[in-house]
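To start, the structure under review is shown below, and the notes come after it.
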Amino acid sequence: MAPKNSRRPPRPGPLDPEDWSAFRAQGHRMLDDMIDYMAGIRDRPVWQPIPEETRRSLRVPPPQQPQDLSTVHAEFMESILPYATGNTHPGFMGWVHGGGNPAGMLGEMLAAGLNANLGGRDHMPIEVERQIARWMAALMGFPETASGLFVTGTSMANFLAVLIARGQALGAGVRRGGLLKKGTRLTAYTSEAAHGCIAQALDMSGIGIENLSIVAMDEMQRIRLDALEKAIAKDRAEGALPFLVVGTAGSVDVGAIDDLSGLADIASREKLWFHVDGAFGALGVLAPAVKPKLKGLERAQSIAFDFHKWGQVPYDAGFLLVRDGETHRATFAAPEAYLRRETRGLAAGSPWPCDFGPDLSRGFRALKTWFTLKVNGTDRLGEAIERTCAVARHLEARVRSEAALELLAPAQLNIVCFRYRASDEANAGIVADLHESGIAAPSTTTIGGRLAIRAAVVNHRTDFADVDALVEAAIRFGKAFEETS
Ligand SMILES: *Cc1c(COP(=O)(O)O)cnc(C)c1O
């Protein structure tokens, strides 16, 4: 028992509440409001434009004086919550956004309370992250020696993978001497369907965007293996050192999955690092109907994916899985720091997450992911993934049955692209009308040179009726556009 100290303040620190019971009551109200928001999401518009006045209301000088928690919360409820992206809403089908889940939200709340720093040292939160890496290795067919690391998203995970592949190709010396000292031109390969962050990763790594070959794709938007082999041979003939091929498991435009086994064969023959951008698609391993399409994923050297997309974990929760954990560590660990690590006490537990990436201070993204995986179970998460594909197939059938609409890309997975039979301008207008109506939020892309309305069903809440509503509203807005022009 600590001795009674009459001068001891009632709170641990000056930023803690003076009245914990009032704080508790207010905290419960905030939690209730958020649970009400989630439970009633269907009754709200998907998205609504931010009124100018609301936008302006935020622009005040830095808050010098304290305000009541309840006052700030009221401002959140009035000015922020109603004007969010809308990706938790079943009508959201734009880009590739996950819907989140209530258990994940509570996990995030607990993580914020714990305020753990997962850069390093010996504590249980890091064990949670390591356990998720073990689970993912098992699910994706990687060995137990694989390493895994939470990052912001797949853009960052892809970037780390490029750095690991660079070290594998040129040796650890590249970390000190840089690319120029090596005097070798490294070349990488991916397809036209690849996400823009692959080129950005080549840029940031110092290898350069021009050293990334964008290989042609087939009619299903998969990388053409013959074209890939030709590109590699051409670069070799010119004295370059091909080092990396990036396959896509779930392309952004149409949800195409490259022939991953074919890529693995070429990579092993050509001695290239085989990385898979599985941002949303890799978690398809949880769904029995999707898993066979991912054959070959287990042969990758590294996989980047997002728990915040098909995994429905609240943002952000990107992940990098690397087959050979030692190569991964050798890319980022600072030998001086690493060798001085303690073997007992809080400063033990090496290697640390900070040895596997550039971040030193790191949050506890693993906890909301752990809650999501455990509370839902991987079977139910897999069923939710399968359902998004079924909803997309239903949308495809609806589009095929409507004379006013034209299907531009069938549902290979969970993405459907179509257009109203009118100009690009009309279709862009229809999408903006859909957003502003609050009915549905698809995005757009270009397919065969024409603007497409693109519906990516990623959110577990999106149902058959939601894509029916999208189709009906798209036709209505298309007709209205024709009448006024
Ligand atoms: C979303 C996505 C990315 C980018 O991932 P972030 O988590 O947004 O950084 C990369 N590739 C593909 C195929 C994606 O769908």
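Predicted model only: the values in this text are computed from it and were never measured. Whatever order the structure lists them in is the order used to number ligands and atoms, beginning at 1.
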Quiz item: Among pairs that include at least one residue of residues 410-461, which meet ring pair (Phe, Tyr, Trp, His ring centres under 6.0 Å), considering only residues two or more places apart or in two chains?
Solution: none
Exercise. Would you list the pairs meeting ring pair (Phe, Tyr, Trp, His ring centres under 6.0 Å) in which at least one residue belongs to residues 291-314, sequence neighbours left out?
Key: F150-F307, F280-W310, F305-F307, F305-F319, F307-F319, H308-Y315
Quiz item: What residues form a side-chain hydrogen bond (donor to acceptor under 3.5 Å, both in side chains) with E127, not counting sequence neighbours?
Solution: R130
Measure from every N or O atom of ligand 1 to the protein's N or O atoms and keep only the pairs below 3.5 Å, writing each with atom names and distance to 0.1 Å.
from, atom 1, to, atom 2, distance (Å)
ligand 1, 5 (O), D306, OD2, 3.3
ligand 1, 5 (O), K309, NZ, 3.4
ligand 1, 7 (O), T154, N, 3.0
ligand 1, 7 (O), D306, OD1, 3.2
ligand 1, 7 (O), D306, OD2, 2.6
ligand 1, 7 (O), H308, NE2, 3.1
ligand 1, 9 (O), T154, N, 3.4
ligand 1, 9 (O), S155, N, 2.9
ligand 1, 9 (O), S155, OG, 2.6
ligand 1, 11 (N), D277, OD1, 3.3
ligand 1, 11 (N), D277, OD2, 2.7
ligand 1, 15 (O), K309, NZ, 3.1

Practice problem: Classify the angle between the aromatic ring planes of H328 and F332 as parallel (below 30°), tilted (30 to 60°) or perpendicular (above 60°). | Solution: perpendicular
Exercise. Output yes when R365 and E108 qualify as a salt bridge under the 4.0 Å nitrogen-oxygen rule, no when they do not.
Key: no
Practice problem: Start with the C-alpha distance between C389 and V290, add both sets of side-chain angles, then the distance that settles side chain to side chain contact (heavy atoms under 4.5 Å, CB included), and finish with yes or no. | Solution: CA-CA 9 Å; C389 298; V290 177; 4.2 Å; yes
